[in-house]
Amino acid sequence: MARLVLSRAFWLLLGAAVMIFVVAGGWLSRVQPPPALPETPPPRADFYLRDADIEVMDAEGRLSYRVHTAELLRYNDMSSRLAKVRIEALGGREGVWQLEAEEALISRHREQLLLRGDVRMRTEGPGGATLLTTDTLTVAIKDRRLTTADPVTIVGPEFQTRAVGMQADFRNRDLTLLNQVRSHYAP
């Protein structure tokens, strides 16, 4: 008699496992697979990365900046193109700057960075966050200069400024707005 009960328990357990696999298999067949990745990188690239996180150190081995990009292509001439890029730059006395853009182009000797498409630059200060937005922004990396000829909007805790064209020199802590400058200050 004990053998028959054990056999029924065995068959019930086996039946339940089969039912679970049938139900799970039906559910899994309705789940769409992720889109296929391209088999080869776009043409002319030396290497190609997707969904990359990169940390760059300074000469003393300290973290200088972090980069996240949806896509990175590095070319034969050592230049690079990044898509949907987010950069966190540790600016020393300037604090941490976060830059985002649809695209970034890095020159072959890494002396210049061109950000294009919905460029956003944000920092946190003692009084709150400051956000700069524009369409393009050129960064001279060694000189620590930023320039654009496009419209610029800068919004801080107590002000909003709009202009066309900008030059910023981080070494000398100097910002020059070039044309059609309008600002509103509300303490």
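These numbers come from a predicted model, not from an experiment.
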With rounding to the nearest 0.5 Å, note down the distance linking [atom1] in [X] to [atom2] in [Y].
X      : Y      : atom1 : atom2 : value
Leu178 : Thr148 : CG    : OG1   : 9.0 Å
Gln98  : Leu131 : CD    : CG    : 10.0 Å
Thr138 : Leu113 : OG1   : CG    : 8.5 Å
Arg122 : Leu132 : CZ    : CG    : 12.5 Å
Ile54  : Leu49  : CD1   : CG    : 6.5 Å
Arg81  : Arg116 : CZ    : CZ    : 9.0 Å

| Does some side-chain heavy atom of Met166 sit less than 4.5 Å from a side-chain heavy atom of Leu137? | yes
| query | Do Tyr185 and Glu158 come within less than 4.5 Å of each other through their side chains, counting heavy atoms only? | reply |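 They are in contact (side-chain heavy atoms under 4.5 Å apart), so the answer is yes.
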Between [X] and [Y] (side chain of the first, backbone of the second, donor and acceptor by atom type, cut-off under 3.5 Å), is there such a pair?
X      : Y      : value
Asn172 : Asp174 : no
His68  : Ile87  : no
Thr130 : Thr123 : no
Thr153 : Arg162 : no

| field | Steps toward salt bridge (charged side-chain N to carboxylate O under 4.0 Å, His left out) verdict (Arg66, Glu88) | value | CA-CA 5 Å; Arg66 291 183 184 98; Glu88 184 178 281; 2.5 Å; yes
Closest contact, heavy atoms only, [X] versus [Y]:
X      : Y      : value
Leu177 : Ala163 : CB-CB, 3.8 Å
Gly127 : Pro157 : O-CG, 3.3 Å
Val164 : Ala149 : CG1-O, 3.6 Å
Ala104 : Leu115 : CB-CD2, 3.7 Å

| said: Walk me through whether Phe159 and Ile154 qualify under side chain to side chain contact (heavy atoms under 4.5 Å, CB included). | reply: CA-CA 8 Å; Phe159 69 93; Ile154 305 170; 3.7 Å; yes
| message | Is there a continuous path of hydrophobic side-chain contacts, each under 4.5 Å between heavy atoms, that joins Leu175 to Leu99? | response |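 Same cluster: Leu175 reaches Leu99 through Ile, Leu, Val, Met, Phe, Trp or Tyr contacts under 4.5 Å.
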| field | Intermediate values then yes/no, side chain to side chain contact (heavy atoms under 4.5 Å, CB included), Met121 and Leu146 | value | CA-CA 11 Å; Met121 185 172 172; Leu146 299 107; 3.9 Å; yes
| Side chains of Thr133 and Arg120: is there a donor and an acceptor less than 3.5 Å apart? | no
| Is there a donor-acceptor contact under 3.5 Å linking the side chains of Thr134 and Asp150? |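 Short answer, no.
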| message | What verdict does the side chain to side chain donor-acceptor pair (under 3.5 Å) test give for Glu71 and Tyr48, after you've listed the backbone C-alpha separation in whole Å, the side-chain angles of each residue and the deciding distance to 0.1 Å? | response | CA-CA 7 Å; Glu71 178 180 89; Tyr48 173 73; 3.0 Å; yes
| said: The criterion is side-chain hydrogen bond (donor to acceptor under 3.5 Å, both in side chains); which residues satisfy it with Thr161, sequence neighbours excluded? | reply: Ser183
| task | Using side-chain contact (heavy atoms from CB on, under 4.5 Å) as the criterion, point out the one residue from Leu82, Leu72, Val67, Val85 that pairs with Ile106. | result |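 Only match with Ile106 under side-chain contact (heavy atoms from CB on, under 4.5 Å): Leu82.
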